[in-house]
There are 2 protein chains.
Amino acid sequence: MGAEDDLTPARKTQAQKTPAQKTPSASGAPARRGRKPARAVEPDDADDAAEASDLDLTGLTSVVGYTLRRAQMAVFEDFSARFATLDLTPAQYSVLLVIADNPGRKQSEIARVLGIQRTNFVVMLDQLEKRGLAERTRSATDARSHAVFLTKAGTALLNKARKLQSAQEEDFASLLGPGGRDTLVALLRKVARID
Amino acid sequence: MGAEDDLTPARKTQAQKTPAQKTPSASGAPARRGRKPARAVEPDDADDAAEASDLDLTGLTSVVGYTLRRAQMAVFEDFSARFATLDLTPAQYSVLLVIADNPGRKQSEIARVLGIQRTNFVVMLDQLEKRGLAERTRSATDARSHAVFLTKAGTALLNKARKLQSAQEEDFASLLGPGGRDTLVALLRKVARID
DNA sequence: AAATATTGTTATGATCCATATCAATTAAAC
DNA sequence: GTTTAATTGATATGGATCATAACAATATTT
């Protein structure tokens, strides 16, 4: 594929999309036809954006799949913003972490455990290798496979990344309460069927 | 402009690797964050992403972002399998649901509340309209905007979908325990900052 | 030795998401 | 009331992600 694509640190990372909400069009339009939200459990509302539109979202906000997707998008965005200075995507971070914890394993093993197709993992590794963060070495026992390691630079970058990541986890902890974060992770692991 | 895509209702619904686990019991060992599983002899582990390899994943399995992503992928896959007969993607289901609860609203409103760019929403609506599930009507008060409604067929399909969706939620409830599902949704809403 | 499987790789297409741009229309400024 | 700005729907386009087919080199099985 070649090309000197990477090195572009600026992904998108632009967040807020609902800054201003014009006043709901008057003209006697039927504002709401569905039923009211009638929300029961909601500790903290007192925000903007949410009430910006008076659309009824109650059909979705208690659906696991939908809240999962929205949460993932929000967390992904937050992650990207934090890691912009390191120019690391969430996927790249996960790769570095797994390599660090499992040095010398085959490409296909790293890819599989992360749920990445080994064919797509090739390009990911290419990029990390091009940036001098990871390296492939030929296995002595199997000439087909490549043993994957982190370079010194890769380890150094990963350590910086770990700190940013810890900060994010702490923010989750303070957002969700003491055991809230742990509970969330435990529930998600069950749903994802990892471990 | 834009070719006809395909009229074939049968999308792709790629190879399903996890054919809907209806048996949600599976409450085996909860949250083992220890070392390797020691792997008892059981190589016929049907599932691919299984931890057939003894790689160390502990660096990731307690990260909110990673577990979120894996959970979302798993749920998405499960959803797609369940909804294959209806030929509905999760995104399409969410659109139908919001339209049903908010009939007559503008495209841009529906899109915004779902976090979809209004430019991308155009194509989504095109497809739903082509299938006779939704329809646009010109607003009498504002010649720019289109009021969106479900057709009879759209309502009928949505009702079928709701049942499948309820079944999925029930499976989550039995997988995660009594209040587990509700707790998960509440936590995810906080993280996603919806409501 | 021949057939088969694994590993890394390339190429390709599909899907999703974001941006720039545009025409029609409405709202706001003057 | 005319000019200017904002909104709405739409098209085109590029990037990122993901899946599949095909292939060469090597290893394993028969």
Side-chain angles (χ1 to χ4, degrees), chain A residues 1-3 5-6 8-27 29 53 69-70 72-73 76-77 80 89-92 94-95 105-112 114-127 129 136-148, chain B residues 1-3 5-6 8 11-17 48 52-53 69 72-73 76-77 80 89-92 94-95 105-112 114-127 129 136-148:
Chain A
M1 64 307 300
D5 175 27
D6 62 318
T8 62
R11 294 176 60 80
K12 31 75 187 295
T13 319
Q14 97 170 357
Q16 75 307 22
K17 56 189 62 171
T18 345
Q21 188 70 31
K22 56 123 189 205
T23 59
S25 58
S27 69
S53 64
R69 172 171 169 271
R70 295 300 295 260
Q72 209 246 310
M73 289 180 63
F76 195 98
E77 212 167 89
S80 296
T89 66
Q92 287 172 328
S94 69
V95 169
R105 303 303 293 248
K106 298 189 279 192
Q107 283 187 211
S108 52
E109 289 178 312
I110 307 284
R112 185 186 327 122
L114 283 170
I116 304 173
Q117 301 288 124
R118 79 182 194 284
T119 167
N120 292 324
F121 189 67
V122 172
V123 181
M124 290 194 66
L125 241 192
D126 283 346
Q127 295 172 347
E129 201 170 30
R136 302 179 232 228
T137 64
R138 306 213 60 109
S139 165
T141 65
D142 190 335
R144 293 171 299 181
S145 63
H146 288 171
V148 183
Chain B
M1 54 294 296
D5 252 342
D6 61 326
T8 65
R11 297 179 69 79
K12 187 179 46 163
T13 358
Q14 77 279 32
Q16 67 303 338
K17 42 191 73 167
D48 62 344
S53 59
R69 172 172 169 270
Q72 209 245 309
M73 289 178 62
F76 194 98
E77 212 168 89
S80 297
T89 67
Q92 287 173 329
S94 69
V95 169
R105 303 303 292 248
K106 298 188 279 192
Q107 283 187 211
S108 52
E109 289 178 312
I110 306 285
R112 186 188 324 124
L114 284 170
I116 304 174
Q117 301 290 123
R118 81 182 193 283
T119 167
N120 293 323
F121 189 67
V122 172
V123 182
M124 290 193 66
L125 241 191
D126 283 346
Q127 296 172 347
E129 202 169 30
R136 303 180 231 225
T137 64
R138 307 213 59 109
S139 166
T141 64
D142 190 335
R144 293 171 298 182
S145 62
H146 289 170
V148 183

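On a predicted model such as this, the values are computed, not experimentally measured, just so you know. In what follows, every chain begins at residue 1, and chains take the letters A, B, ... in the order their sequences are listed.
- Under the 4.5 Å side-chain criterion, counting only non-hydrogen atoms from C-beta, B/V122 is not in contact with B/R118.
- Taking for each of B/V122 and A/R118 the nucleotide of DNA chain D with the nearest heavy atom, the 5'-most of the two is the partner of B/V122.
- In terms of phosphate contacts, B/Q107 brings a side-chain nitrogen or oxygen within less than 4.0 Å of OP1 or OP2 of D/dA10.
- For B/T119, counting side-chain heavy atoms from C-beta on, the closest listed nucleotide (C/dT7, C/dT19, C/dT10) is C/dT19.
- Residue-level contact check: B/R136 touches the backbone only, with heavy atoms under 4.0 Å from sugar-phosphate atoms and none from bases.
- The phosphate of C/dG8 has neither OP1 nor OP2 within less than 4.0 Å of any side-chain N or O from A/R112.
- Counting distance only, with no hydrogens placed and no angle test, the side-chain atoms of B/S145 and the base atoms of D/dT7 include no donor-acceptor pair under 3.5 Å.
- The backbone N or O of A/A143 lies less than 3.5 Å from a partner atom in the side chain of A/R138, making a donor-acceptor pair.
- Minimum heavy-atom separation, A/Q127 to A/Q92: OE1-NE2, 3.7 Å.
- The listed nucleotides are D/dA19, C/dC17, D/dT11; the one nearest the side chain of A/R69 is C/dC17.
- Evaluated for a side chain to side chain contact (heavy atoms under 4.5 Å, CB included) with B/L125, the options B/V148, B/N120, B/V95 yield exactly one hit, B/V148.
- In terms of the side-chain hydrogen bond (donor to acceptor under 3.5 Å, both in side chains) criterion, residue partners of B/D126 (sequence neighbours excluded) are, by chain and number, B/R136.
- Residues A/R69 and B/L114 come closest through the heavy atom pair NH1-O, 4.2 Å.
- Contact annotation: A/S108 side-chain N/O to C/dG8 OP1/OP2 distance is under 4.0 Å.
- Closest-nucleotide positions on DNA chain C for A/A147 and A/N120 were compared, and the one nearer the 5' end corresponds to A/A147.
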Atom pairs, protein N/O to nucleotides 26-30 of chain D N/O, distance under 3.5 Å:
from	atom 1	to	atom 2	distance (Å)
D/dA27	OP1	A/A143	N	2.9
D/dA27	O4'	A/R144	NE	3.3

